[in-house]
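Let me begin by presenting the structure, written as structure tokens, before commenting on it.
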Amino acid sequence: MSTVSVLSRGCAKIHSEAELEAKLALGRPLRIKLGVDPTAPDIHLGHGVVLTKLRDFQDAGHEAILIIGDFTAMIGDPSGRSATRPQLTHDQVLANAKSYQEQAFKILDHERARIVFNGEWFEAMCFEDVIKLNSRVTLQQMLVREDFRERLDKGLPIRAHEIQYPIMQGWDSVMVRADVELGGTDQLFNIMVGRDLQREEGQPQQVAMTMPILEGLDGRQKMSKSLGNYIALNEPAGDMFGKIMSVSDALMARYYDILLREPMPADAHPMDAKKELARRITARFHDETAAARALEEFNTRFSARDLESAELPGYAPGLARDFVSLVVEAYAQCFSVTRSRSDARRLIEGGSIQWRGEKVTDSKTVLEAGETGVLRLDKTRAVRVG
RNA sequence: GGGUAGGUACCGAAGUGGCCAAACGGGGCGGACUGUAAAUCCGCUGGCUUACGCCUUCAAUGGUUCGAAUCCAUUCCUGCCCA
């Protein structure tokens, strides 16, 4: 079994290290809990940070308990939220849960992981049970949290169900008798509630291990599905690579720290450092070959600006050959991006579209039948027509 | 239950009878510059058979008006104060 230092690598905070050492000294596999709420179909790099830590524990011989919050997802974690989350139906949640698991196993060892749905116990509770559970925490405890405090100050609504969330997450810990709970630093409060409930149930209290929050592509807010600033684990290699390349230098340093757990090379050119970062992360979630190809593709396409020899999706125009139609169709067919014709017109007039390396700024331009070439849609997207 | 302030586009926020598809800011998108970086600058940010034209939007429904996001009625929703 590994030492505390290996397991605590990359952690933001452990509450407490002494307790963790004591648990490890028990000499039995510990139950390491991580809860995820399937509120969207994708798992992203931010989740990856915590999942990787869970994997560390697996590798050290401990038991990973991945709790799929099919019930808690219907509430939505209010942590760090300035507004109530939209509520999902149980069916939506279950559909998301399926793809969640597939992605989670890119990091976790399938063989040694236990998957539990928390609906298993919450579904069975009656209202009396809920009341009893609620009687154990005070409203004040829930309300001192910054996210609620802020809403209170701003006069924004806090719905009664939202304050149930930490209680439910805490109850999960009781139900699986967790020894350690992992989460982002924003989860500390929720994890602590779990400790309280465990104590009341006469269980040994779990150790709280929090991981730093990964900033999203914008570099300002945390990586999250609802903000759309994320890189999904199941993203195609090329996209994953590209998204990392578009990140700011400051963020790159954070990604080195958090994702690779090593400092950014100080002497390298920032762009080379970024390519290396992108290559390694892409390799982690795909493989070395795919990562190498993504790098090569990036070089020809962006560094050398050679669209002609780049790997582009092919697009066969339909009957309409005016550029507005071409742009709309190409976006839809090759990139699943919906653009209105007005939108396409704006793009053309805004100088985004290039045909065979020449800007096309007149939205009335029509392509001759049989013409082939590269149609550039925007900075990152282009198709081969013909 | 009573009082009161509100519900405007992705978000915040103007507008309180025509000049409003709706100021301004943020965000987002596109362009220039670059290292697909940051910073900066410029443009765009309802839809349509390609448009100084038309259609749908200012919580919902109905109404008053030549004409409403703006006035009236009802309904739904939220904050605050009181009970």
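Residue numbers start from 1 in every chain, and the chains themselves are labelled A, B, ... in the order their sequence lines are given, proteins ahead of strands.
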Kindly give the atom pairs (protein nitrogen or oxygen, nucleotide nitrogen or oxygen) under 3.5 Å for nucleotides 52-55 of chain B.
none

*asked:* Looking at B/A51, I'd like to know if its phosphate oxygens (OP1 or OP2) sit under 4.0 Å from a side-chain N or O belonging to A/Lys364.
replied: yes
*Would A/Arg293 and A/Glu311 pass as an ion pair if we require N to O under 4.0 Å?*
no
*Quickly work out the A/Asp343 CG to B/A21 C1' distance and round it to whole Å.*
16 Å
_Qualifying salt bridge (charged side-chain N to carboxylate O under 4.0 Å, His left out) pairs, either residue in residues 321-331 of chain A, two or more places apart_ = A/Asp322-A/Arg341
*C1' gap between B/U57 and B/U70, integer Å*: 15 Å
_Please list, in numerical order, the residues of residues 262-297 of chain A that have a heavy atom closer than 4.0 Å to any atom of RNA chain B._
A/Pro270, A/Met271, A/Lys274
*In the hydrophobic clustering (ILVMFWY, side-chain contacts below 4.5 Å, transitive), which residues join A/Phe127, or is it alone?*
A/Ile131
*Under-4.0 Å side-chain N/O to phosphate OP1/OP2 contact, A/Ser342 with B/G46*: no
*Write down the partner of B/G30 under the Watson-Crick or G-U wobble criteria, each distance required to be under 3.5 Å.*
B/C42
*Counting distance only, does the side-chain N/O of A/Arg356 pair as donor-acceptor with the main-chain N or O of A/Thr372 below 3.5 Å?*
yes
*Taking atom P in both B/A51 and B/A60, compute the distance separating them and give it to the nearest angstrom.*
32 Å
*Counter-base of B/G67, judged by Watson-Crick or G-U geometry with both distances under 3.5 Å*: none
_Nonpolar side-chain network containing A/Met245, other nodes, edges under 4.5 Å_ = A/Phe241, A/Met271, A/Leu295, A/Phe298, A/Phe302
*Residues sharing A/Val374's hydrophobic cluster, by side-chain heavy-atom contacts under 4.5 Å among ILVMFWY, directly or via others?*
A/Leu307, A/Leu312
*How about A/Glu201: does its CD atom have over 12 heavy atoms from other parts shown lying under 6.0 Å from it?*
yes
Enumerate the protein-to-nucleotides 26-33 of chain B contacts in which both atoms are nitrogen or oxygen and the separation is below 3.5 Å.
from, atom 1, to, atom 2, distance (Å)
B/G30, O3', A/Ser352, OG, 3.1
B/G31, OP1, A/Arg376, NH2, 2.5
B/G31, OP1, A/Lys379, N, 3.2
B/G31, O3', A/Lys359, NZ, 3.3

*Give the other cluster members for A/Leu188, using side-chain heavy-atom distances under 4.5 Å between Ile, Leu, Val, Met, Phe, Trp and Tyr residues; answer none if it is isolated.*
A/Met192
*Is B/G79 paired to anything, Watson-Crick or G-U wobble with both distances less than 3.5 Å, and if yes, which nucleotide?*
B/U4
*Does anything in residues 156-165 of chain A reach RNA chain B, meaning a heavy atom under 4.0 Å, and if so which residues?*
A/Pro157, A/Arg159
*In whole Å, what separates the P atom of B/C19 from that of B/C54?*
13 Å
_Assigned partner base of B/A73, Watson-Crick or wobble definition, under 3.5 Å_ = B/U61
*Before accepting this row, confirm whether a basic side-chain N of the pair A/Arg159/A/Glu162 lies closer than 4.0 Å to the acidic partner's carboxylate O.*
no
Identify each atom pair where a protein N or O and an N or O of nucleotides 4-9 of chain B are less than 3.5 Å apart, giving names and distance.
none

*Determine which nucleotide pairs with B/G35, using a 3.5 Å limit on both distances of a Watson-Crick or G-U wobble pair.*
none
*For B/U50, take OP1 and OP2 only and decide whether either is under 4.0 Å from a side-chain N or O of A/Ser363.*
no
*Of all the nucleotides listed (B/C48, B/A37, B/A51), which has the minimum atom distance to the side chain of A/Arg341?*
B/C48
Table please: side-chain donor-acceptor pairs of residues 7-15 of chain A below 3.5 Å, with sequence neighbours left out.
from, atom 1, to, atom 2, distance (Å)
A/Ser8, OG, A/Val4, O, 2.9
A/Ser8, OG, A/Ser5, O, 3.3

*How far does the C1' atom of B/C44 sit from the matching atom of B/A9, given to the nearest Å?*
15 Å
*With A/Arg261, which residues qualify under salt bridge (charged side-chain N to carboxylate O under 4.0 Å, His left out), at least two apart?*
A/Asp56
*Rounded to the nearest 0.5 Å, how far apart are CD1 of A/Ile353 and CD of A/Glu358?*
14.5 Å
